[in-house]
Every structure is written in C-alpha cells, then in structure tokens.
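Have a look at the structure below before the remarks.
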Amino acid sequence: MSLDIEALEAIPPGERTTIRQVAAGLHMSKSTVHRRLKEKVMRRVSNELKPSLTEANKKACVAYCLENLEPSSLEDNPTFKGSFNKVHLDEKIFYRTRKTQKMYLSNREEAPKMARPRYDSQGNCVFDGKIGVWAFVDWVQAQKKSANRGRGEWELKPSTSVDRNKSREYIVQYVLPAIKEKWPESDRWNTVYIQQDNARTHVLANDPIFAMEAAKGGWDIRIVNQPPNSPDCNILDLGWFASIQSMFHRKMPKTLPEIVQKVNESLAQYSHRKLNRIWLSHQACMREIIKNKGSIHYDTPHMKKKTLERLGLLPVRLTVDKVYVDAAIEYLSV
C-alpha cells in the first residue's frame with residue numbers, strides 16, 4: 001500500500017507525533033507505516049520548542065550576551081568572560097507516568113544551583129561546581145490511614161505552593177550556606193552572582209532579607225536576572241535538566257521520596273567535566289544570539305567539545321567575530 005503524502009501533511013502536527021497516530025490518520029496499519037518509514041517515504045524529526053520573543057525580549061537577550069563579554073576585548077577580539085563567579089539557579093517540574101503514558105503532574109519542583117567547575121594547573125578538579133539541589137517538599141502528618149502509613153504519621157508531600165516567600169526561604173536556608181561552604185577559598189572575596197529567570201515567584205534583586213543574609217561573613221553575593229524567555233541563557237536548561245529527564249524516562253520513580261532520591265543521585269553522578277562543557281555551550285549559544293540579533297531560533301552549536309577535551313584543546317572562553325558584536329551594539333541603539 002502506497003503512502004498518500006498529501007494525506008500525511010493534512011494531519012495536524014500535534015496529531016502525528018507517534019506511529020500509532022499516523023496510522024490512525026491515514027487509516028493504515030502501524031506495520032505498514034513503519035515499513036514506509038524504513039523505506040524513507042516519510043521521516044521522523046525532533047522539533048525543539050522555543051518561546052516566541054518580542055522585540056524587547058530580543059534586545060534584552062542581546063544586551064545580556066554583550067554584558068558577558070570582557071570589556072577590554074571588545075576593540076580587537078571580543079571574548080566571553082569565564083563566568084567563574086556565577087551560580088545558575090532554575091526550577092524543574094517532574095512528572096510521574098503510568099503504563100498508559102498518561103501524564104500526571106507531581107506538583108513538585110527541584111531547585112538546583114550550579115557554578116562552573118575549576119581546575120588547577122595540572123588539570124585536577126578543585127571545585128566541581130555542584131552547589132546543590134533542593135526539593136520543594138514538606139513533611140506533613142497524614143490525615144487518613146492507608147496501606148503505607150497510619151493516620152497521623154509523618155509523610156513527605158509536595159509543597160502546596162512555591163511563591164516568593166518560599167523561594168527566599170530556600171535561598172536563605174540552603175543556597176547561601178552551600179555557596180559559602182563550597183566556594184573556592186581563592187575567590188572568597190570576589191562578588192558572586194546568582195542568576196535566575198524572571199519568574200514572579202523569584203526573589204527580587206534588592207530583597208532586604210536576602211541582602212542581609214548574603215552579606216553575613218563579609219560575602220558579596222548578589223542576584224541577577226537572565227533575559228525573559230531565554231532558556232539557552234541558563235546552563236541547567238542546556239545540560240543537567242535533559243540528563244535527569246532522560247533518567248526519568250529510563251526508570252520512572254514511583255513515589256515522592258524516590259523522585260527526590262533519584263534527582264540527588266543524578267546530581268552526585270553528573271560529571272564535572274560534562275558540566276564544564278555545558279558552560280562552554282552557554283557561551284556558544286550567546287554567540288549565536290549575538291549573531292542573530294536576539295533571535296533564539298538557531299541550531300544548537302556543536303563544537304566537538306569531547307574531542308577537544310581529549311586532545312587538551314578545549315578552550316575556557318570563546319570569541320565572537322567583531323563584525324557581529326558591532327552589529328549587535330548598533331541594533332541595541334536603534
């Protein structure tokens with residue numbers, strides 16, 4: 001049986017994401033559709049969803065990327081900063097799946113924080129960049145008896161809401177102490193920036209409680225925001241989140257404690273070298289944003305970082321063609 005290309009193209013994109021859906025839309029068997037796929041009469045593609053940006057969003061992205069260039073390099077060879085004084089913060093919502101593959105929101109988030117790893121002159125890791133990950137959960141007493149626990153026993157439950165107060169609580173109780181404990185002593189007196197997105201639930205940059213707690217011990221720790229709708233400007237979206245989502249697909253945790261355990265295990269097992277490569281990917285994405293004047297609809301850059309790392313040629317910072325930088329600066333001035 002031949003495949004009707006026009007009939008295939010008439011099926012809405014959201015209704016042809018699986019062979020089963022395509023077969024139903026074309027009134028064919030799944031085996032026939034699979035054979036046509038192997039014969040390359042049709043093809044499978046993966047489409048990365050990216051947010052649409054306003055002109056103001058694009059200019060904010062360009063400004064962010066230009067701010068991450070070393071000012072002293074702009075005249076001759078624009079080069080990105082090493083970003084060794086930044087900690088990226090973001091949240092990840094996890095889902096639990098039944099065998100039917102219906103999705104049920106677990107209503108729980110993890111808030112990981114990561115910085116760039118550091119190495120000594122011999123290439124030994126002296127700081128792995130993994131500040132920590134904390135689940136938005138609470139211990140509550142069970143209201144009813146069940147097969148797993150009695151009434152009144154304590155159990156782990158998702159936080160009912162994550163607002164600005166909750167975000168501040170976690171930063172003050174967990175994030176700041178972890179940064180101060182793990183941060184390299186050689187960089188102790190320099191400013192540390194916690195980068196977050198523009199979610200309304202996040203702590204404001206001038207929050208007085210955060211400022212007071214951050215300054216304890218003589219530290220200079222500040223909050224900065226990444227541009228709106230810019231997941232490529234956060235290393236967690238570029239790397240670790242994909243790894244833990246893949247882990248969830250391979251072995252889906254069944255209970256909330258299992259989810260927390262698996263996420264913590266994923267962080268512990270995540271290679272500091274892979275994390276370092278993700279920071280370089282962050283620079284490569286910023287370079288593309290500068291070249292495309294704020295648009296994030298570009299192919300994710302591939303640099304063969306593993307090969308370069310194996311050869312001892314992996315750069316710490318990337319450069320940008322001055323022509324693109326000058327054009328981006330002009331774009332912001334319009």
Side-chain angles (χ1 to χ4, degrees), residues 64 67-68 70-72 80-92 109-122 124-139 159 162-226 233-237 239-240 260 263-268 270-273 275-276 278-279 282 316-317:
Y64 168 86
E67 288 170 0
N68 275 274
E70 287 286 2
S72 59
F80 284 106
K81 300 174 182 176
S83 298
F84 291 105
N85 63 336
K86 285 192 174 182
V87 177
H88 281 200
L89 171 157
D90 207 348
E91 288 82 32
K92 176 69 174 176
E109 296 178 305
E110 295 273 0
K113 317 290 182 293
M114 289 194 182
R116 188 166 188 179
R118 306 195 192 189
Y119 304 90
D120 61 20
S121 57
Q122 283 75 44
N124 300 310
C125 182
V126 295
F127 172 57
D128 64 11
K130 295 182 281 189
I131 302 299
V133 58
W134 297 272
F136 286 113
V137 293
D138 299 301
W139 285 97
S159 296
V162 180
D163 55 14
R164 184 166 292 163
N165 290 331
K166 192 72 169 181
S167 296
R168 183 194 300 112
E169 174 191 334
Y170 269 57
I171 287 181
V172 169
Q173 290 189 10
Y174 302 115
V175 181
L176 290 176
I179 290 175
K180 294 177 181 181
E181 176 188 350
K182 298 179 180 181
W183 205 254
E185 184 63 30
S186 59
D187 207 23
R188 163 72 174 78
W189 301 105
N190 292 327
T191 303
V192 179
Y193 295 96
I194 299 176
Q195 178 184 299
Q196 61 182 9
D197 62 28
N198 284 269
R200 281 180 283 183
T201 58
H202 281 171
V203 179
L204 297 176
N206 59 353
D207 185 274
I209 298 177
F210 166 81
M212 179 181 67
E213 296 296 329
K216 287 183 177 179
W219 287 79
D220 183 10
I221 305 176
R222 308 178 190 181
I223 287 179
V224 294
N225 291 333
Q226 68 190 61
C233 292
N234 191 296
I235 61 107
L236 293 161
D237 283 306
W240 186 57
V260 175
V263 171
N264 287 330
E265 288 176 0
S266 174
L267 179 67
Y270 201 72
S271 166
H272 60 81
R273 296 199 178 278
L275 178 56
N276 184 54
I278 295 299
W279 278 94
H282 176 239
V316 175
R317 311 177 188 198

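Scope of the values below: all heavy atoms of this structure, side chains included, with no hydrogens, waters or symmetry mates.
For the pair R317 and F80, the NZ or CZ position fails the cation-pi test of under 6.0 Å to the six-membered ring centre and within 45 degrees of the ring normal. The cationic group of R188 lies under 6.0 Å from the six-membered ring centre of W219 and within 45° of the ring axis, placing it in a cation-pi geometry.
Partner of D187 under the salt bridge (Lys or Arg N to Asp or Glu O under 4.0 Å) criterion, chosen from K182, K180, R118: R118.
In this structure, I221 and A214 approach most closely via the heavy-atom pair O-CB, 3.6 Å. Between I171 and V203, the shortest heavy-atom contact is CD1-CG2, 3.9 Å. Y170 approaches A135 most closely through the heavy-atom pair OH-O, 2.8 Å. When all heavy atoms of Y119 and P117 are compared, the pair lying nearest together is OH-CB, 3.8 Å. For the pair A115 and F127, the tightest heavy-atom approach, listed with the atom from each and the gap, is CB-CE2, 4.0 Å. Nearest heavy-atom pair, R164 versus H202, reported as atom, atom and distance to 0.1 Å: NE-O, 2.8 Å.
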Next item on the list: Give the C-alpha distance, both sets of side-chain angles, the deciding distance and a yes or no for side chain to side chain contact (heavy atoms under 4.5 Å, CB included) between E91 and F136.
Entry: CA-CA 10 Å; E91 288 82 32; F136 286 113; 3.9 Å; yes
Note to self: What verdict does the side chain to side chain contact (heavy atoms under 4.5 Å, CB included) test give for D207 and E213, after you've listed the backbone C-alpha separation in whole Å, the side-chain angles of each residue and the deciding distance to 0.1 Å?
What the structure shows: CA-CA 10 Å; D207 185 274; E213 296 296 329; over 6 Å; no
Next item on the list: Quick one: do N85 and N190 satisfy side chain to side chain contact (heavy atoms under 4.5 Å, CB included)? Show the steps, please.
Entry: CA-CA 8 Å; N85 63 336; N190 292 327; 5.7 Å; no
Margin query: Run V175 and F210 through side chain to side chain contact (heavy atoms under 4.5 Å, CB included) and show every step you take.
Written below: CA-CA 11 Å; V175 181; F210 166 81; over 6 Å; no
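The CZ atom of F84 sits 10.5 Å away from atom CH2 of W183, with the distance rounded to the nearest 0.5 Å. Distance check, rounded to the nearest 0.5 Å: CG of L89 to CG of L236 gives 8.0 Å. Note that CD1 of I209 and CD of E169 are 11.0 Å apart. Values are rounded to the nearest 0.5 Å. Rounding to the nearest 0.5 Å places CG of L275 at 5.5 Å from CE of M114.
A perpendicular orientation is assigned to the rings of W240 and Y270, their planes being inclined by more than 60° (bins at 30° and 60°). Aromatic ring orientation, Y64 versus H282: perpendicular (interplanar angle above 60°, classes split at 30° and 60°).
Remark: the R273 side chain and the N276 side chain contain no N/O donor-acceptor pair separated by less than 3.5 Å. A side-chain N or O of Q196 and one of N225 form a donor-acceptor pair less than 3.5 Å apart.
Between H88 and Q195 there is a side-chain heavy-atom pair separated by less than 4.5 Å. At least one side-chain heavy atom of S83 sits under 4.5 Å from a side-chain heavy atom of N68. At least one side-chain heavy atom of V87 sits under 4.5 Å from a side-chain heavy atom of V192. Between V224 and E67, the closest side-chain pair of non-hydrogen atoms is not below 4.5 Å.
Under the salt bridge (charged side-chain N to carboxylate O under 4.0 Å, His left out) criterion, R222 pairs with D220, sequence neighbours left out.
No side-chain donor-acceptor contact under 3.5 Å links K130 to the backbone of H272. No donor-acceptor pair closer than 3.5 Å links the side chain of Y174 to the backbone N or O of V133.
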